Protein chains: 2
Amino acid sequence: MSFQTAAAAASIKCGDCPIRHRAVCSRCETDELRELDGLKYYRTIEAGQTIVWSGDEMDFVASLVSGIATLSQTMEDGRTQMVGLLLPSDFVGRPGRAEAAYDVTATTDVTLCCFRKKPFEALMMRTPHIGQRLLEMTLDELDAAREWMLLLGRKTAREKIATLLAIIIRRDASLHLQADGGALEFDLPLTREAMADYLGLTLETVSRQISALKREGVIELRGKRHIVIPDLDRLIEETGDDSDGGVLT
Amino acid sequence: MSFQTAAAAASIKCGDCPIRHRAVCSRCETDELRELDGLKYYRTIEAGQTIVWSGDEMDFVASLVSGIATLSQTMEDGRTQMVGLLLPSDFVGRPGRAEAAYDVTATTDVTLCCFRKKPFEALMMRTPHIGQRLLEMTLDELDAAREWMLLLGRKTAREKIATLLAIIIRRDASLHLQADGGALEFDLPLTREAMADYLGLTLETVSRQISALKREGVIELRGKRHIVIPDLDRLIEETGDDSDGGVLT
DNA sequence: TCCTGACATTGATCCGGATCAACTGGATGA
DNA sequence: TCATCCAGTTGATCCGGATCAATGTCAGGA
């Protein structure tokens, strides 16, 4: 499994942003980032606040600069399902669509680097590489969504938890620190309830399964959120995925 | 809810194909379809055959001309989850990716209109509209996948069945005929097992829920596959979705 | 210092869907 | 005409995760 992540590759910057704007491909970034610099503005959102509601008019697209946000859908009776997890450098919004299709909620304090949609779309038209890059990113998200469908439809609660931990580790290298002896540790960026909404479980089941993994030594807990993985391979075995990394790679 | 579908809009043809190639946008189709005509070849696959296996080298992309195919993922122990349903005019394959990420299986006899990947990609580079159209199609698929995540994570077995029926009705107008009195009928293009793999259920549960819907008059069965919907609104109520169509629209 | 409220854990019980198993009804073909 | 073979149905039972409820933990504030 490869732990090369967007955050790890964040060496190329746009103005003040500490992240790389992935909507801009590396081949064209020098020129286009200069143009983007003129368009952008920053927006900060507190933990717990909803950034946009499904159905809202959305006149901007954005890159997530810092913090963590979620995409979710809610049924009339309140059942909710998270459909995406946004980490720094991820893209929010959709050129060519006026209304938000999902609720976007900040789970930690969040900074967005926003671009008004109209000029961004114009830039996209002038710059085929950006559209191409967006297509690549969308295809990656589609793969991730389908991977998640397998998880939701066919995995057990224990496998779901292990998979979520593996995905968090893989996607955000900045969250974890490689300790000595191969152990890996990081802070969970989600509450038990948010994890449950992501995994299609209840928060009690999430809590019980985390306790079970702890009891069996697959993970260690320091406090409620800080997780230590003594043996990553052991965790990966619990995910139910191909042990060689397979689709996770 | 809108029942305008791809099949209903299939008036614009490419050579012999009775479908519209949706990867080509309507603005540019005259010129580019002429070019595509030179590239394409047909391929037929029997019901039950797998067209490509996950991991296979794939040197073509294609439009589905007739029949029905599925995209699915399988875990080592055999648990499988369908992640996509391909109907006529849908696009198969991925420019810029060498290996298939999913198993593609024909559930009925299938005809593909294939394009070798290299020349198709070259055409894409010359023709920004095609890339744009592909981005739109991919975004639509992403929305469908996320809709499906809500279904897999949070809906009951009964809601899942009702939703699948509603989606089949919505997506392929050619499958159903509006009978007199507002009733709607069509043949199910999937076995109970395929439905189960799509919905994250077992085939027994699918069968039981279909029987229950029949018993309660939400649907009628003529034979095992032919379904009559006496009252579409009644069915939609069972899906758990917003009654105004909501995200299904 | 204690109170409060948010988050998390744990226990007891319930239930929806899985599992195991028997059976039915067509279609196919010897 | 009858054996065979699926796809589908139905029944009995089981079990994983949901639900309901009580308790624990800890940070922040009066």
Side-chain angles (χ1 to χ4, degrees), chain A residues 46-49 68 75 77-81 105-108 151-165 187-216 219-227 238 240, chain B residues 46-48 68 75 77-81 105 107-108 151-165 187-216 219-227 238 240:
Chain A
E46 287 180 16
Q49 295 302 109
I68 289 169
M75 296 170 68
D77 62 5
R79 283 177 279 176
T80 89
Q81 175 64 50
T105 308
T107 63
T108 65
L151 175 143
L152 291 170
R154 295 301 187 196
K155 288 192 177 179
T156 64
R158 167 185 268 253
E159 289 170 337
K160 286 178 176 181
I161 299 284
T163 305
L164 179 59
L165 294 178
D187 282 312
L188 266 181
L190 300 172
T191 64
R192 301 288 186 265
E193 188 181 21
M195 293 174 72
D197 284 342
Y198 207 178
L199 298 170
L201 298 170
T202 59
L203 68 93
E204 293 95 330
T205 299
V206 170
S207 181
R208 272 187 254 271
Q209 294 297 333
I210 287 178
S211 298
L213 289 172
K214 175 182 160 195
R215 206 178 312 120
E216 296 166 33
I219 64 175
E220 290 164 30
L221 274 182
R222 306 223 210 289
K224 295 175 185 309
R225 295 289 192 88
H226 192 81
I227 298 220
E238 299 286 350
Chain B
E46 288 181 16
I68 288 170
M75 296 171 68
D77 62 7
R79 283 176 279 177
T80 88
Q81 176 64 52
T105 309
T107 62
T108 64
L151 175 143
L152 290 170
R154 295 301 186 194
K155 288 192 178 179
T156 64
R158 167 187 269 253
E159 289 170 336
K160 286 178 176 182
I161 299 286
T163 305
L164 178 59
L165 294 178
D187 283 312
L188 266 180
L190 300 172
T191 64
R192 300 289 187 265
E193 187 181 21
M195 293 173 73
D197 284 343
Y198 207 178
L199 299 171
L201 298 169
T202 59
L203 68 92
E204 293 95 330
T205 298
V206 169
S207 181
R208 271 187 255 270
Q209 294 298 334
I210 287 179
S211 298
L213 289 174
K214 175 182 159 195
R215 207 178 311 122
E216 296 166 32
I219 63 176
E220 289 165 30
L221 274 182
R222 307 222 210 288
K224 295 175 186 307
R225 294 288 192 90
H226 192 80
I227 298 219
E238 298 287 350

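As the structure is a prediction and not an experimental result, all values here were calculated from the model. So that the names make sense, note that chain A is the first sequence line, chain B the second, and so on, each numbered from 1.
Between B/Ile210 atom CD1 and D/dG8 atom P the separation is 9 Å, expressed in whole Å. The distance from atom CG of B/Leu152 to atom P of C/dG16 is 20 Å, rounded to the nearest whole Å. Distance, B/Lys224 NZ to C/dG25 P: 8 Å, rounded to whole Å. If you measure from atom CG of B/Leu201 to atom C1' of C/dT19, you get 14 Å, rounded to the nearest angstrom. In this structure, B/Arg79 places its CZ atom 15 Å from C1' of C/dT19, rounding to the nearest Å. Rounding to whole angstrom units, CE of residue B/Met195 and C1' of D/dT9 are separated by 14 Å. Atom-to-atom, CZ of B/Arg154 to C1' of D/dT19 comes out at 13 Å; the value is rounded to the nearest Å. Straight-line distance from the CG atom of A/Asp197 to the C1' atom of C/dC7: 15 Å, rounded to whole Å.
Under the 4.5 Å side-chain criterion, counting only non-hydrogen atoms from C-beta, B/Glu159 is in contact with A/Met75. At least one side-chain heavy atom of A/Asp197 sits less than 4.5 Å from a side-chain heavy atom of B/Arg154.
With D/dG17, C/dT9, D/dG8 as the choices, the nucleotide that has an atom nearest any side-chain atom of A/Thr205 turns out to be D/dG17. Listed nucleotides: C/dG17, D/dG11, D/dT9. Nearest to the side chain of B/Arg192: D/dT9. The side chain of A/Ser211 lies closest to C/dT9, out of C/dT9, D/dG8, C/dA8. For A/Leu221, taking side-chain heavy atoms from C-beta onward, the closest of the listed nucleotides C/dA18, D/dG17, C/dT9 is C/dT9.
Side chain A/Glu193 to base C/dC7: no donor-acceptor pair is found below 3.5 Å. Between the side chain of B/Arg208 and the base of D/dG11 there is at least one donor-acceptor pair of N/O atoms closer than 3.5 Å.
At a threshold of 4.0 Å, the pair B/Arg222-B/Glu220 counts as salt-bridged, since one of the basic side-chain nitrogens sits closer than that to a carboxylate oxygen. Salt bridge A/Lys155/A/Glu238: absent, no basic N to carboxylate O contact under 4.0 Å.
Using a 4.0 Å heavy-atom criterion, one finds that A/Thr202 contacts the bases of the nucleic acid, with or without backbone contacts as well. Within the nucleic acid shown, A/Ser207 comes within 4.0 Å of at least one base atom, counting heavy atoms only. Within the 4.0 angstrom heavy-atom criterion, only backbone atoms of the sugar-phosphate kind lie near A/Gly200; the bases stay farther away. Among the protein residues, A/Arg225 comes within range of the sugar-phosphate backbone only, with heavy atoms under 4.0 Å from sugar or phosphate atoms but none that close to a base.
Each of A/Gln209 and B/Leu190 has a nearest nucleotide on DNA chain D; the 5'-most of these lies closest to B/Leu190. Comparing B/Glu204 and A/Leu203 against DNA chain C, the residue whose closest nucleotide sits nearer the 5' end is A/Leu203.
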| task | Could you give me the CA-CA distance, side-chain angles and deciding distance for A/Arg79 and B/Thr156, then say whether side chain to side chain contact (heavy atoms under 4.5 Å, CB included) is met? | result | CA-CA 11 Å; A/Arg79 283 177 279 176; B/Thr156 64; 4.2 Å; yes
